[in-house]
Asks: 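Below is a structure I'd like to ask you about.
Counting begins at 1 with the first residue of the sequence.
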Amino acid sequence: MAETPSSPIKSSIAAALRETASPPPPPAAAPPVPASTAPAGPASSAPPPSELCTIKLDGREVQAKKGANLLEVCLQHGVDVSYFCYHPGLSSPAVCRQCLVEVVGQPKLVPACFTPVTDKMEVNTATPRVLTIRRQILEFTLVNHPVDCPICDKAGECTLQKQYQDWDHHGSRSSIPKVHKPKMQDIGPHIVLDAERCILCTRCIRVCDEVAGQHQLDMIKRGDREILTTAPGHVLDNPYSLNTVDVCPVGALTSKDFRFTMRVWELYTTPSVCTGCATGCSIEVHHSQGEIWRLVPRENPQVNKFWMCDEGRFTYKEVRHRRFSSARVGQGRGLPGQLASLDKATAYAAERLKLIVDKLAAGNAGAVGLVFSAQAQNEALYGLRQIGEQLASKGVPVKTYVTGRQARPDRADNILRSADKNPNTQGAKLLAGPAAGDFAALKADLAASRIKAVWMVGEDLPVGDDLLPTAAALFDGLELFICQAVHDTPLVRRAQVQLPAAAWAEADGTFTNAKGLVQRARKAVEPAGDARSHLELLSQLSRKAGLATAEKWQTSPRQAFLQMVGTIGGTVPPGSAPEAVPAAGFAQAEWGRELLPVQLRFAHSRG
């Protein structure tokens, strides 16, 4: 399996941590785990008894790992302790003092996020003394905080709002004017800072230092005049800058892209996978009214932990813009095509394809080329593989190729960003077969007229925009060029049959990341116009061309996945790692149960 994120619809972080602390169920009784939420390989075992200690938590004896973070232990065992500065993916500076608890033997209350667990420790989290001080700390945090909730983008997922409702819920006792600080500061290409709302938790500083590895934020001045600002000579422009917006417990840091666009409680969340590169970060797609409004990272310790890059967050814009949404048929070669229904377009393609197949089966020179795009999902590429096998069984020479977007070595780092801009390069190579050629081989065969027809799933070629028209012209010599495309490009206009395909967020399926992990991407919004999933287009056209009828993979993405896993992963030796055996990711993958979109007002997955 591909991941071990906490569920995107957990009621709280405490619930998520409690689940990780629970002993795993017996393997025989374990239900199927979704491919988008389950780990690859064997599950991690519990700590050995020698590493465990027993502590008293509010009078209840519990076991915890020696040296573990006391706050995490409290949350794991259902004890709700409030906090602001702590984040499970960052170091704990204990600056907010909101998580103070009482440890027997200690003269003062201690911050739970900075206290290691020791054997026979006695901890009290809900005594009158603790609760009173916790409320006082919260009141102190609120003294100079502006009442911007009606216009703040964080409203609805604000940790300060939540803690106030849970722990205080009293009016302010302060009669002195609040301290005013700079508002609406442009501190980077993607982020606006409101220093008045900042509660000085330093989460954003630690994200820059510990995740991005660039010290771009800092605190200046002291006391109630202390403010967050960019480091001297810097702007907040590192490739992971928008993670500061995610971790900010209030509305101090907001995204320019999402600012004032949509109230978060009107959004629905769907778990998915980022298609920006081969890393395959786990994400939540936040959508409403049939449109995607933002992408945020979803916890996955095996891939992206709690983070994602800024570039990946904007991949949702491709679902909206430059869409190819209506089928066209014509002469190709860049000439205008005629709009047609999907039924007529596939029928026309099937008739033309039958004629070519009959000629090649009779011994005429040439072959049919099948192009596997590294942007397409595994299930669609498996369908194309099955069509290739049917063609070969009829005596038709078949050549397979793998294409995708152009590599970007300049963007690669040792954090999350990959030079490979395709989400499914590993899956495409595996499903196309070991004899598959690359784009250079495809160009050579086109130039030498060795292939008579091309069926292309996806419209991407590994060339720059300036060279794309020249590369697309190579397809003009084909007798038939069928292109299933998400976006309208010069290559699509060269095809005699142009079929509109659904984007990654509009279809269910899986992608195989650079490590060989097969991860589930779920449908979040409906396809644009007449677009259908690549798998549905393949199924409809193959039926009409007589290449596949009533096949299991034609039924649904799930059935295609199950058939693919049985075929591809069935021969993998048990215990094989995806890094060593590419097909091992399929052997370990599961489709998982169906999930309905959850509205964020009920999800409690953020803030």
Side-chain angles (χ1 to χ4, degrees), residues 4-7 10-26 39 42-138 140-141 159 162-163 166-168 201-203 206 210 247 249 299 301 305-306 604 607:
T4 53
S6 59
S7 169
K10 294 297 182 191
S11 60
S12 66
I13 292 180
L17 289 171
R18 278 200 303 274
E19 185 173 289
T20 62
S22 303
S44 57
S45 58
S50 60
E51 294 184 12
L52 296 176
C53 63
T54 301
I55 67 171
K56 273 194 174 182
L57 192 57
D58 290 337
R60 175 167 54 106
E61 285 194 354
V62 300
Q63 282 196 324
K65 187 178 179 180
K66 291 179 182 177
N69 185 297
L70 178 56
L71 176 59
E72 292 180 356
V73 173
C74 290
L75 297 176
Q76 286 171 2
H77 291 88
V79 178
D80 196 3
V81 177
S82 58
Y83 58 89
F84 290 120
C85 68
Y86 166 80
H87 187 280
L90 302 170
S91 59
S92 295
V95 296
C96 73
R97 319 306 284 184
Q98 188 63 41
C99 64
L100 294 177
V101 295
E102 184 178 74
V103 175
V104 175
Q106 297 283 349
K108 297 181 179 180
L109 300 187
V110 300
C113 71
F114 203 70
T115 303
V117 169
T118 59
D119 196 28
K120 299 181 181 178
M121 175 187 279
E122 294 187 32
V123 182
N124 297 312
T125 69
T127 62
R129 177 191 178 199
V130 171
L131 295 181
T132 297
I133 291 181
R134 192 175 294 166
R135 291 190 184 98
Q136 290 173 345
I137 293 291
L138 184 59
F140 180 71
T141 301
T159 305
K162 182 179 184 299
Q163 304 295 19
D166 291 349
W167 297 102
D168 188 5
C201 71
T202 73
R203 278 184 175 187
R206 284 173 280 146
E210 300 171 18
V247 301
E299 182 188 350
K305 297 183 173 66
F306 303 89
H604 298 293

Asks: What residue pairs, at least two apart or across chains, pass side chain to side chain donor-acceptor pair (under 3.5 Å) with a residue in residues 126-137?
Replies: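 Found Glu102-Arg129.
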Asks: Which pair of heavy atoms, one from Ile55 and one from Thr118, lies closest together, and at what distance?
Replies: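 Smallest heavy-atom distance, with atoms named: CG2-O, 3.3 Å.
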Asks: By the salt bridge (Lys or Arg N to Asp or Glu O under 4.0 Å) test, which pairs, at least two apart or in different chains, include something from residues 107-116?
Replies: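 Output for this query is empty, none listed.
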Asks: Does any part of the side chain of Val62, heavy atoms only, come nearer than 4.5 Å to the side chain of Gln76, both counted from C-beta?
Replies: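 They are not in contact (no side-chain heavy atoms under 4.5 Å apart), so the answer is no.
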Asks: For Val101 and Val123, work out which heavy atoms get closest and say how close.
Replies: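 Scanning both residues completely, I find the closest heavy atoms to be CG2-CG1, 4.1 Å.
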Asks: I'd like to check Ser82 versus Trp167 (side-chain heavy atoms, cut-off strictly below 4.5 Å). Are they in contact?
Replies: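 A side-chain contact under 4.5 Å exists here.
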Asks: Yes or no on side-chain contact (heavy atoms from CB on, under 4.5 Å) for Val104 and Lys56, after CA distance, side-chain angles and deciding distance?
Replies: CA-CA 10 Å; Val104 175; Lys56 273 194 174 182; over 6 Å; no
Asks: Kindly give the heavy-atom pair with the smallest separation between Phe306 and His87, and that separation in Å.
Replies: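 Phe306 and His87 have their closest heavy atoms at CG-CE1, 3.8 Å.
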Asks: For Val79, is there any backbone N or O sitting under 3.5 Å from a side-chain donor or acceptor partner on His77?
Replies: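 Such a contact is absent between His77 side chain and Val79 backbone.
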Asks: Among all residues two or more places apart in sequence or in another chain, which pass the ring pair (Phe, Tyr, Trp, His ring centres under 6.0 Å) test with Phe114?
Replies: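 Not a single residue meets the ring pair (Phe, Tyr, Trp, His ring centres under 6.0 Å) criterion with Phe114.
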Asks: List in chain and number order the residues that pass side chain to side chain contact (heavy atoms under 4.5 Å, CB included) with Cys96, two or more places apart in sequence or in another chain; answer none if no residue qualifies.
Replies: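 Testing Cys96 for side chain to side chain contact (heavy atoms under 4.5 Å, CB included), a comparison that skips the adjacent residues, returns Phe84, Cys85, Gln98.
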Asks: Check side chain to side chain donor-acceptor pair (under 3.5 Å) between Ser92 and all other residues, then give those that pass, not counting sequence neighbours.
Replies: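 Listed in chain order: nothing, the list is empty.
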Asks: Determine yes or no for a side-chain-to-main-chain donor-acceptor pair under 3.5 angstrom, with Arg203 supplying the side chain and Val247 the backbone.
Replies: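 Flag set: sc Arg203 to bb Val247 pair under 3.5 Å.
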Asks: Identify, with sequence neighbours excluded, every residue that meets side chain to side chain contact (heavy atoms under 4.5 Å, CB included) alongside Ala64.
Replies: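 So Ala64 forms a side chain to side chain contact (heavy atoms under 4.5 Å, CB included) with Val73, Val117.
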Asks: What's the shortest heavy-atom distance between Asn69 and Ala112, and which atoms?
Replies: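 Looking at all heavy atoms of both residues, the shortest contact is OD1-O, 3.4 Å.
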Asks: Arg206 and Cys201: which non-hydrogen atoms are nearest, and at how many Å?
Replies: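 The answer is NH2-O, 3.0 Å.
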Asks: Rounded to the nearest 0.5 Å, how far does CZ of Phe140 lie from CD1 of Ile133?
Replies: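 Separation between the atoms: 14.0 Å.
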Asks: Please identify each residue that fulfils salt bridge (charged side-chain N to carboxylate O under 4.0 Å, His left out) with Arg60, with sequence neighbours left out.
Replies: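 Salt bridge (charged side-chain N to carboxylate O under 4.0 Å, His left out) check on Arg60 returns nothing, list empty.
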Asks: Check the pair Tyr86, Glu72 against side chain to side chain donor-acceptor pair (under 3.5 Å), reporting the backbone distance first and the verdict last.
Replies: CA-CA 10 Å; Tyr86 166 80; Glu72 292 180 356; 2.5 Å; yes
Asks: Quick one: salt bridge (charged side-chain N to carboxylate O under 4.0 Å, His left out) partners of Asp58, sequence neighbours excluded?
Replies: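 Once residues adjacent in sequence are excluded, Asp58 has no partner under the salt bridge (charged side-chain N to carboxylate O under 4.0 Å, His left out) criterion.
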Asks: Specify the closest pair of heavy atoms between Cys74 and Val81, including all atoms of both residues, with the distance to one decimal.
Replies: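 Smallest interatomic distance, heavy atoms only, reads CB-CG2, 4.0 Å.
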Asks: By the salt bridge (Lys or Arg N to Asp or Glu O under 4.0 Å) test, which pairs, at least two apart or in different chains, include something from residues 112-124?
Replies: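 Qualifying pairs, neighbours excluded: none.
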Asks: Who passes side chain to side chain contact (heavy atoms under 4.5 Å, CB included) against Pro116, sequence neighbours left out?
Replies: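 Once residues adjacent in sequence are excluded, Pro116 has no partner under the side chain to side chain contact (heavy atoms under 4.5 Å, CB included) criterion.
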Asks: Applying side chain to side chain contact (heavy atoms under 4.5 Å, CB included), name anything that partners Arg97, two or more places apart in sequence or on another chain.
Replies: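 Arg97 satisfies side chain to side chain contact (heavy atoms under 4.5 Å, CB included) with Ala94, Leu100, Pro111, Ile137 once adjacent residues are dropped.
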Asks: I need the Glu51 CD to Lys66 NZ distance, nearest 0.5 Å.
Replies: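 Taking CD in Glu51 and NZ in Lys66, the distance rounds to 8.5 Å.
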Asks: Measuring from atom CG of Asp166 to atom CG of Asp80, what distance do you get when rounded to the nearest 0.5 angstrom?
Replies: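 Rounded to the nearest 0.5 Å, the CG-CG separation comes out at 6.5 Å.
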Asks: By side chain to side chain donor-acceptor pair (under 3.5 Å), which residues pair with Ser91, not counting sequence neighbours?
Replies: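 Ser91: side chain to side chain donor-acceptor pair (under 3.5 Å) contacts with Glu210.
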